[in-house]
Each structure stands twice: as C-alpha cells, then as structure tokens.
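These notes are about the structure you will find just below.
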Amino acid sequence: MACAELEALRLALLNITGTTDEHAKRHAEAELEDYLGDADPGPIQALANATTLDEAQRHLDAALVDLEAEATRIDDDDPQAGYLRGRLVAVRDAERSLRRLREGTDALLDDLGEAHHTLHDAFPVED
C-alpha cells in the first residue's frame, strides 16, 4: 500500500513551485505508477498533475474523500487497517498544511499589494 496522496501532493508542489528535484520526482512517480498511467484519471493522478494551489487543494480533497471511504470499509482485523488509518491522519494533516500554505500565499499577495499602494502614496508619480 503506497502513500499515494502524499506522493501525489509532493509532485503537485514540485510542479507548482517549479522545483526540479529529479530524485524526488522519480521516487514519487515510482510510488504512483499504478495511478499515473490510468486512462480514466482519478484524484491521485489529477493531484500529481496539479499546477496551481487551488487545483492541488481540490484534488487532495477528492483523494481524501476516497481514502476516508476506504478506511471506513476496512475490517479492524485486517493487517493493513492501522497503516490505512495512519495514512488518513497524515493526509488530513497534509490537507491542513496545504490550506495554511494557500492562506499564507494569499496574505503575502495582499501584503505586496499594500506595500505597492503605500509606496505610491508616499511617492506619487505624476503622469
């Protein structure tokens, strides 16, 4: 059982930030090979291919819904039950981290806009 949601999110963040860590990319793609070649892409493949934070959030939310459904169906006696539930906790934490990243990015954009306006207020430019 792979940590598909986390590896797909890593690929998305590599795409979004333009980071070219080939080792991390190859590792994530190897973990996701069963998901990336699907003709009918699901949320994992869509997440791995995300190029914006909004896309990543949307596809991670969809992947989390699928994971939660899987976790509710598994028997407590199944040897994978603990791992699956741990994965669910980790993905929920990643979802919160992604939300904070989005909020931080939005705040930075607002701050830059305010700094721009303050600079123009302090030093008006006449046309």
Side-chain angles (χ1 to χ4, degrees):
M1 211 178 265
C3 298
E5 299 81 10
L6 299 177
E7 290 302 319
L9 180 57
R10 289 181 71 205
L11 281 176
L13 292 173
L14 288 170
N15 294 337
I16 293 165
T17 62
T19 303
T20 54
D21 182 341
E22 286 303 315
H23 176 71
K25 184 177 180 182
R26 281 192 311 274
H27 175 79
E29 289 172 343
E31 287 271 330
L32 297 172
E33 73 179 322
D34 292 341
Y35 295 93
L36 297 181
D38 287 345
D40 184 23
I44 299 295
Q45 184 175 352
L47 175 58
N49 293 322
T51 58
T52 68
L53 288 175
D54 288 338
E55 276 183 85
Q57 186 69 55
R58 185 174 61 253
H59 297 307
L60 183 59
D61 288 345
L64 186 55
V65 167
D66 289 352
L67 183 59
E68 287 170 339
E70 187 179 348
T72 60
R73 287 189 307 265
I74 198 165
D75 289 332
D76 289 338
D77 298 343
D78 189 309
Q80 294 295 322
Y83 171 75
L84 184 60
R85 292 187 179 111
R87 189 169 126 207
L88 181 58
V89 170
V91 173
R92 284 179 179 157
D93 185 53
E95 181 189 35
R96 284 188 297 276
S97 294
L98 185 59
R99 190 175 312 114
R100 284 192 305 272
L101 176 61
R102 181 63 216 220
E103 291 166 357
T105 301
D106 289 345
L108 175 60
L109 289 171
D110 289 344
D111 290 348
L112 291 172
E114 287 180 32
H116 181 172
H117 292 298
T118 300
L119 189 60
H120 280 283
D121 286 346
F123 302 98
V125 177
E126 299 207 16
D127 292 328

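Count residues from 1 along the sequence.
T19 is linked by a side chain to side chain donor-acceptor pair (under 3.5 Å) to T17, counting only residues two or more places apart in sequence or in another chain. Partners of D66 by side chain to side chain donor-acceptor pair (under 3.5 Å), not counting sequence neighbours: none found. Listed by chain and number, the residues in a salt bridge (charged side-chain N to carboxylate O under 4.0 Å, His left out) with E55 amount to none (sequence neighbours excluded). Applying the salt bridge (charged side-chain N to carboxylate O under 4.0 Å, His left out) criterion to D61, with sequence neighbours excluded, gives no partner residue. The salt bridge (charged side-chain N to carboxylate O under 4.0 Å, His left out) search around R96 returns D93, not counting sequence neighbours. Every residue two or more places apart in sequence or in another chain that forms a side-chain contact (heavy atoms from CB on, under 4.5 Å) with L101 is listed here: L13, L53, L98, T105. By the side chain to side chain donor-acceptor pair (under 3.5 Å) test, R92 pairs with E68, sequence neighbours left out. Listed by chain and residue number, T52, R102 satisfy the side-chain contact (heavy atoms from CB on, under 4.5 Å) test with D54 (two or more places apart in sequence, or in another chain). Evaluation of the side chain to side chain donor-acceptor pair (under 3.5 Å) rule for D121 yields no partner, not counting sequence neighbours. For H116, the ring-ring contact (aromatic ring centres under 6.0 Å, His included) partners at least two apart in sequence or on another chain are H120. Take D75 and apply the salt bridge (charged side-chain N to carboxylate O under 4.0 Å, His left out) test, not counting sequence neighbours, and it matches no residue.
Annotation: side chain of L67 is in contact with side chain of L84 (closest heavy-atom distance under 4.5 Å). Residues L64 and L88 form a side-chain contact, since some pair of their non-hydrogen atoms from C-beta on lies under 4.5 Å apart. The side-chain heavy atoms of V91 and L9, taken from C-beta on, include no pair separated by under 4.5 Å. Side-chain contact between Y83 and C3 is present, with heavy atoms from C-beta onward closer than 4.5 Å. Looking at N49 and Q45, their side chains come closer than 4.5 Å, going by heavy atoms from C-beta outward.
The shortest heavy-atom contact between I16 and A56 is CD1-CB, 4.1 Å. Heavy atoms only, all atoms of each residue included: A28 and L11 are closest at CB-CG, 3.6 Å. Pairing each heavy atom of L36 with each of A48, the nearest pair is CD2-CB, 3.8 Å. Heavy atoms only, all atoms of each residue included: A63 and P43 are closest at N-CB, 3.6 Å.
Pairs engaging residues 10-25 under the salt bridge (charged side-chain N to carboxylate O under 4.0 Å, His left out) rule: E7-R10 [sequence neighbours left out].
Here the CZ atom belonging to R85 is positioned 10.5 Å from the CD atom belonging to E70, to the nearest 0.5 angstrom. The CD atom of E5 sits 4.0 Å away from atom CD1 of I44, with the distance rounded to the nearest 0.5 Å.
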